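Read through the structure below, which is laid out as structure tokens, and then see the notes.
Here the structure is a predicted model, which is why all the values come from computation and not from measurement. Note that the numbering runs from 1 along the sequence shown for the chain.
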Amino acid sequence: MGNYAVEMRRTASATASLGNITAPASGMRRFRLYDLVLGADGAAADNAFLYQLQRCTTTGTRTAVTPQPLDTADPAAVTTAGQNHTVEPTYTAAAVLLSVALNQRSTFRWCCDPQDGLIVPATANNGIGIQTPAMATVAITGSIRFRED
């Protein structure tokens with residue numbers, strides 16, 4: 001159990017997910033997302049963005065990203081993370097947990113008490129994905145903090 005950070009980046013693509021974090025294939029531990037920073041790191045432009053955090057039940061095809069413990073005394077995370085999807089995760093219909101509409105020139109931060117947050121069950125490959133349903137073709141980034149129970 002511990003607190004972890006994961007950084008995600010998506011290359012320029014209009015509809016692919018930024019990334020997702022999921023329970024391991026063994027489904028042995030649940031986690032809670034409690035801090036999130038979203039933004040674009042491409043050239044400045046005036047494009048509208050919609051980020052949606054939505055429950056997912058598969059990891060999709062992604063580039064793996066290793067969550068880093070915030071306290072180096074904590075063990076490695078069992079939660080998995082990935083970015084820059086080439087095959088989207090399977091999103092749960094009508095299970096959007098957070099929608100964030102902003103301009104490409106903006107950065108957004110959402111945070112809450114680490115004891116609360118967006119909770120993912122200890123069910124194999126279940127998690128939360130960050131998607132951009134329709135937006136400009138721009139590189140985007142996300143910084144996520146989560147806690148394993």
Side-chain angles (χ1 to χ4, degrees), residues 1-13 15-43 49-133 135 138-149:
M1 291 194 281
N3 292 299
Y4 302 88
V6 65
E7 302 293 320
M8 297 178 186
R9 174 167 280 124
R10 188 193 73 199
T11 58
S13 171
T15 57
S17 291
L18 166 61
N20 65 352
I21 54 176
T22 55
S26 61
M28 299 298 289
R29 186 164 295 161
R30 69 183 194 161
F31 65 90
R32 355 176 143 243
L33 189 151
Y34 65 86
D35 195 345
L36 169 73
V37 178
L38 299 170
D41 60 350
F49 277 53
L50 175 63
Y51 294 92
Q52 289 185 320
L53 276 71
Q54 187 166 351
R55 292 198 185 276
C56 59
T57 57
T58 65
T59 61
T61 303
R62 62 193 185 173
T63 303
V65 180
T66 303
Q68 298 298 313
L70 296 179
D71 180 343
T72 56
D74 285 340
V78 297
T79 301
T80 64
Q83 65 183 4
N84 208 25
H85 283 80
T86 56
V87 175
E88 289 293 286
T90 301
Y91 285 105
T92 305
V96 174
L97 304 174
L98 179 67
S99 289
V100 180
L102 65 145
N103 185 280
Q104 179 182 340
R105 295 177 187 262
S106 302
T107 299
F108 172 82
R109 182 173 186 206
W110 173 85
C111 61
C112 69
D113 186 307
Q115 297 300 321
D116 297 324
L118 305 177
I119 301 171
V120 173
T123 303
N125 299 318
N126 275 231
I128 297 174
I130 303 171
Q131 59 180 339
T132 53
M135 62 175 248
V138 176
I140 56 176
T141 62
S143 179
I144 296 171
R145 306 291 180 267
F146 65 93
R147 176 183 183 92
E148 290 184 341
D149 291 341

All heavy atoms of P121 vs all of A23, minimum pair found to be O-CB, 4.0 Å
Shortest non-hydrogen pair, C56 vs G129, comes out as SG-N, 4.0 Å
inquiry  = What I'd like to find out is whether the side chain of L36 reaches to under 4.5 Å of the side chain of Y51, using heavy atoms alone.
reply    = no
When every non-hydrogen atom of F49 is compared with those of Q104, the smallest separation belongs to CE1-CB, 3.4 Å
Residue pairs meeting salt bridge (Lys or Arg N to Asp or Glu O under 4.0 Å), one or both in residues 93-105, sequence neighbours left out, come to D46-R105
Applying side-chain hydrogen bond (donor to acceptor under 3.5 Å, both in side chains) to Q54 and not counting sequence neighbours gives Q131
If only atom types and distance count, is the side chain of E148 paired as donor or acceptor with the main-chain N or O of V78 below 3.5 Å? yes
Residues at least two apart in sequence or cross-chain that pass side-chain hydrogen bond (donor to acceptor under 3.5 Å, both in side chains) with T61, listed by chain then number, are none
Side chains of R9 and V65: closer than 4.5 Å at any heavy-atom pair? no
Taken in chain and number order and not counting sequence neighbours, the residues that satisfy side-chain hydrogen bond (donor to acceptor under 3.5 Å, both in side chains) with R32 are D149
The side-chain hydrogen bond (donor to acceptor under 3.5 Å, both in side chains) partners of T107 (sequence neighbours excluded) come to none
Check: Q83/T63 side-chain N/O donor and acceptor closer than 3.5 Å:
no
Residue pairs passing the salt bridge (Lys or Arg N to Asp or Glu O under 4.0 Å) test with at least one member in residues 108-118, sequence neighbours excluded, are D35-R109
Hits for side chain to side chain contact (heavy atoms under 4.5 Å, CB included) against A5, two or more places apart or cross-chain, chain-then-number order -> L70, R145
With sequence neighbours left out, the residues meeting ring-ring contact (aromatic ring centres under 6.0 Å, His included) with F146 are Y4, F31
Salt bridge (Lys or Arg N to Asp or Glu O under 4.0 Å) pairs touching residues 55-80, sequence neighbours excluded, are none
What pairs of donor and acceptor atoms, side-chain ones from residues 89-101 against any protein atom, are under 3.5 angstrom apart with sequence neighbours left out?
from, atom 1, to, atom 2, distance (Å)
T90, OG1, T58, OG1, 3.1
Y91, OH, S17, OG, 2.5
S99, OG, Q52, NE2, 3.4

Per side-chain contact (heavy atoms from CB on, under 4.5 Å), L53 is matched among L18, L118, I144 by L118
Checking L38, T141, I140, I21 against M8 for side-chain contact (heavy atoms from CB on, under 4.5 Å), the one that qualifies is I21
Quick one, R10 and N84 - any side-chain contact, counting heavy atoms below 4.5 Å?
yes
